[in-house]
Participant: 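The structure follows.
First the proteins, then the strands, lettered A, B, ... as listed; each starts at 1.
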Number of protein chains: 2
Amino acid sequence: MTNDDFIVKAAKALGDKNRLKIVKELAKRGTMNCSETEKLTSLAQPTMSHHIQLLVESGLVSVEKDGRTSILSLNQKNIEALTVFLGKVADA
Amino acid sequence: MTNDDFIVKAAKALGDKNRLKIVKELAKRGTMNCSETEKLTSLAQPTMSHHIQLLVESGLVSVEKDGRTSILSLNQKNIEALTVFLGKVADA
DNA sequence: GTAATACATTGAAGTTTATCAATATGTTTC
DNA sequence: GAAACATATTGATAAACTTCAATGTATTAC
């Protein structure tokens with residue numbers, strides 16, 4: 001994946017209000033499992049599962065399996081990379 | 001528009017490779033008019049016009065009309081706002 | 001004022017995305 | 001091992017998005 005591809009994918013992942021809500025909540029709590037994300041919105045479980053998959057594929061969110069639960073957290077390094085890119089654009 | 005709405009809209013605007021290319025080129029050159037953006041890709045003129053409209057509506061890009069040409073530039077303030085948001089998320 | 005230039009709008013086609021109900025898979029509990 | 005739990009997958013539908021050809025609207029140039 002080129003850097004541009006990463007930017008596009010990550011931006012696309014952030015460009016949805018439900019996924020943004022997950023990201024913001026992860027920033028607040030540190031971690032969440034999938035069931036907890038479902039309580040953030042009124043979306044059905046498969047829909048959330050899909051959104052989470054997109055966030056993970058984008059690199060913004062990481063998953064660690066613990067038994068039957070999936071523990072989500074922010075991928076700080078990749079979010080930082082996106083931030084740095086934007087920072088450069090902001091004061092170009 | 002709430003702050004979340006802005007983040008979603010701006011991220012969505014960035015989440016397309018052609019629009020990202022415009023933004024990056026604006027960061028490099030400072031300004032461009034619409035005809036110049038058309039040379040960046042192989043997209044048709046109406047398609048570019050549409051992408052530019054999305055960028056402008058998102059707040060990432062500003063337009064100033066000068067006769068028959070539209071002069072595009074980055075909206076540093078809004079890009080900075082997006083950067084700040086991500087920065088907070090990155091080291092949450 | 002006609003022609004050329006720069007951009008916007010419209011209408012339509014194809015593609016992608018968001019969403020859900022139903023169902024499947026793997027895991028813990030009893 | 002049966003039941004409950006956590007998440008994933010599948011298949012379908014509706015909405016949103018990307019793209020273009022055709023056409024429209026200003027503006028400049030001759």
Participant: Figure out the CD1/P separation between Ile22(B) and dC7(C), and round it to whole Å.
Facilitator: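 After rounding, the reported distance stands at 12 Å.
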Participant: In whole angstroms, how far is the C1' atom of dA6(C) from the CE atom of Met32(B)?
Facilitator: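 These atoms are roughly 15 Å apart.
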Participant: Please report, rounded to the nearest Å, how far the P atom of dC5(D) is from the CD atom of Glu36(A).
Facilitator: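 That distance rounds to 16 Å.
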Participant: Calculate the interatomic distance between Glu38(B) atom CD and dC20(D) atom P; express it in whole Å.
Facilitator: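 Rounding to the nearest Å, CD of Glu38(B) and P of dC20(D) are 11 Å apart.
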Participant: Side-chain contact test, heavy atoms from C-beta onward, threshold under 4.5 Å: evaluate it for Val23(A) versus Leu74(A) and give yes or no.
Facilitator: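 Yes, their side chains come closer than 4.5 Å.
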Participant: Would you kindly give the NZ-to-P distance between Lys9(B) and dC17(D), to the nearest whole Å?
Facilitator: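 Between P of dC17(D) and NZ of Lys9(B): 10 Å.
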Participant: Does the Glu36(A) side chain pair with the main chain of Asn33(A), one donor and one acceptor, at a distance under 3.5 Å?
Facilitator: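 Such a contact is found between Glu36(A) side chain and Asn33(A) backbone.
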Participant: Does Ile52(A) reach the side chain of Cys34(A), with side-chain heavy atoms less than 4.5 Å apart?
Facilitator: yes
Participant: Find the distance Glu57(B):CD to dT18(D):P and express it as a whole number of Å.
Facilitator: 12 Å
Participant: With side-chain contact (heavy atoms from CB on, under 4.5 Å) as the test, would you mind laying out the steps for Ile71(A) and Thr69(A) before giving the verdict?
Facilitator: CA-CA 6 Å; Ile71(A) 298 169; Thr69(A) 86; 4.1 Å; yes
Participant: Return a single string for nucleotides 18-30 of chain C, one symbol per nucleotide in 5' to 3' order, where B is base contact, S is sugar-phosphate-only contact and - is none, cutoff 4.0 angstrom on heavy atoms.
Facilitator: SBBBB----BB--
Participant: Could you spell out the base pairing of DNA chain C as a dot-bracket line? Use Watson-Crick and G-U wobble contacts where both distances are under 3.5 Å, [ ] for crossing pairs, | for partners on a different strand.
Facilitator: ||||||||||||||||||||||||||||||
Participant: Any non-hydrogen side-chain atom of Asp5(A) less than 4.5 Å from a side-chain atom of Lys9(A)?
Facilitator: no
Participant: By the definition side-chain contact (heavy atoms from CB on, under 4.5 Å), identify the one residue from Leu55(A), Asn18(A), Leu72(A) that meets it with Thr37(A).
Facilitator: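 For Thr37(A), the side-chain contact (heavy atoms from CB on, under 4.5 Å) check succeeds only for Leu72(A).
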Participant: Consider side chain to side chain donor-acceptor pair (under 3.5 Å). Of Lys24(A), Lys21(A), Lys17(A), which one does Asp4(B) pass it with?
Facilitator: Lys24(A)
Participant: With a 3.5 Å distance limit and no angle check, can you tell me whether Thr83(B) reaches the backbone of Ile79(B) through a side-chain donor-acceptor pair?
Facilitator: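 Such a contact is found between Thr83(B) side chain and Ile79(B) backbone.
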Participant: So, do Lys12(B) and Lys12(A) sit near enough that their side-chain heavy atoms are less than 4.5 Å apart?
Facilitator: no
Participant: Would you kindly give the CD-to-C1' distance between Glu64(B) and dC7(C), to the nearest whole Å?
Facilitator: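 After rounding, the gap between these two atoms is 16 Å.
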Participant: Please report, rounded to the nearest Å, how far the C1' atom of dT18(D) is from the CG atom of Leu20(B).
Facilitator: 16 Å
